[in-house]
Number of protein chains: 2
Amino acid sequence: MATRQAPAKEKLIGAAVKVVREKGFNATSVDDLCREAGVTKGAFFHHFPTKVDLGIAAAEAWKLHANELFGGAPFMAAEDPLDRILGYLEFRRDMLDGPIGEFTCLVGTMVQESYDTLPALREACQDSIWGHALTLVDDIEAARVRHGVTGDWTAESLALHTQGVLQGAFILAKAADDPRAARDTADHLIRYVRMLFNLAPETKE
Amino acid sequence: MATRQAPAKEKLIGAAVKVVREKGFNATSVDDLCREAGVTKGAFFHHFPTKVDLGIAAAEAWKLHANELFGGAPFMAAEDPLDRILGYLEFRRDMLDGPIGEFTCLVGTMVQESYDTLPALREACQDSIWGHALTLVDDIEAARVRHGVTGDWTAESLALHTQGVLQGAFILAKAADDPRAARDTADHLIRYVRMLFNLAPETKE
DNA sequence: TGAAACATACCAACTGGTCGGTTTCGGAGT
DNA sequence: ACTCCGAAACCGACCAGTTGGTATGTTTCA
């Protein structure tokens, strides 16, 4: 059933994810991408009509990758939806470590450069961010019911807020060339969600 | 004392602030900047050795601009430091309106593209973000004392958190090509700060 | 009058993208 | 099993436009 995917296409998408996260979309040339993927320019333009089209494909791959990574993580096995949400946020906080280019967000980077000039890429980035954020909505709703929490906010806005805070954390990490401020910001986010659900502050080990 | 500044230099900095916010640093060419500023290339390279140096100058100008704008805003006259903080955050939330290129952050945009490739620009962006964030620290400390609030967080981390959330809000606005999600995120931030200081949720009019 | 401010023509390197070609490969016919 | 075929995959030389930056001026002004 699954038609055997040509390797060059996948290698180019992988190269885009890696290099664009480091250098940004505009600063990454087609030659850079071909070199990183070990592929020629002919192969590039056989699979993608333009460089932007590779960016769009990378944004789609990024969404699939994220939903797979987090959807299959251990914390998702928790019975209480609130534990799944907090597990997700703690997982994301703990990821903020090591080389900056390895934990930051491809589509957050790309959308900064493209929102006004490359509408198709902007839309792909929105789809990627929203597509991941919305996977949290059901658990937030369920947690609200289970814990009897109301408040003047929607589950969707809280889901997007978590993504926004993480995007902001990436910027702080990039600016400082150090992930500490990013982790502090994630801690504030976790503290906020706990307070929304009337939980005591996270205990430190 | 103030040596009469040559207009070309200022015009170029102004042009950089405007165009880079729209198109990003890398996608903005020297010719773009000269055209926008109404200045020739000769003038450009007379005042700035390289394009990156203009970016750095723009980052510095941006910090001054921000601290002037917010430091002189009406909410700063409030007597209670907590009111000044909340006034600041509400002001920033209310700014999230109109064309996206007019409320987003220059240095947040630039640092995404430069953190790994242009260390001098990255540092200027950090200085700009941190330099603004730190103007909030004294009020946060004072509010903590005044309202008897402790908790497992530092004033500096909360100040940086506010900037991080705003940076994330800009990304959401750019991705959606719409500021609504950004305002929702700012509302969550305000709700968080109010909860930290044991205030009731913001009343809507 | 001398230095700083500004202008214009120019350049080598690089940009995204094209184009004519060769190689690879799954299946159809025998 | 073997050949053959057409399409898809892949190659690399090439191109016109743009890039950041330079060289050589002329103008402005204290």
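Proteins come first, then strands; the chains are lettered A, B, ... in the order of their sequence lines, and each starts at number 1.
Residue A:F48 contributes atom CZ, which lies 15 Å from atom C1' of D:dA8 at whole-angstrom precision. Atom CG of B:L121 and atom P of D:dG20 are 14 Å apart (whole Å).
Applying the side chain to side chain donor-acceptor pair (under 3.5 Å) criterion to A:D138, with sequence neighbours excluded, gives no partner residue. Applying the side chain to side chain contact (heavy atoms under 4.5 Å, CB included) criterion to B:A142, with sequence neighbours excluded, gives B:P81.
In this structure, B:R21 forms no cation-pi arrangement with B:W62, as its terminal cationic atom is not both closer than 6.0 Å to the ring centre and no more than 45° off the ring axis.
A donor and an acceptor atom, one from each side chain of A:D80 and A:H147, are located under 3.5 Å apart.
Judged by distance alone, the side chain of B:E113 and the main-chain N or O of B:N26 form a donor-acceptor pair under 3.5 Å.
You'll find that the side chain of B:H46 is closest to C:dA5, out of C:dA5, D:dC11, C:dT8.
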Strictly under 3.5 Å: I want the nitrogen or oxygen pairs between protein and nucleotides 13-17 of chain C, one per line.
from	atom 1	to	atom 2	distance (Å)
C:dG16	OP1	A:K51	NZ	3.0
C:dG16	OP2	A:V30	N	2.8
C:dG16	N7	A:K41	NZ	3.2
C:dG16	O6	A:K41	NZ	3.4
C:dG17	OP2	A:K51	N	2.9
C:dG17	N7	A:K41	NZ	3.3
C:dG17	O6	A:K41	NZ	2.6

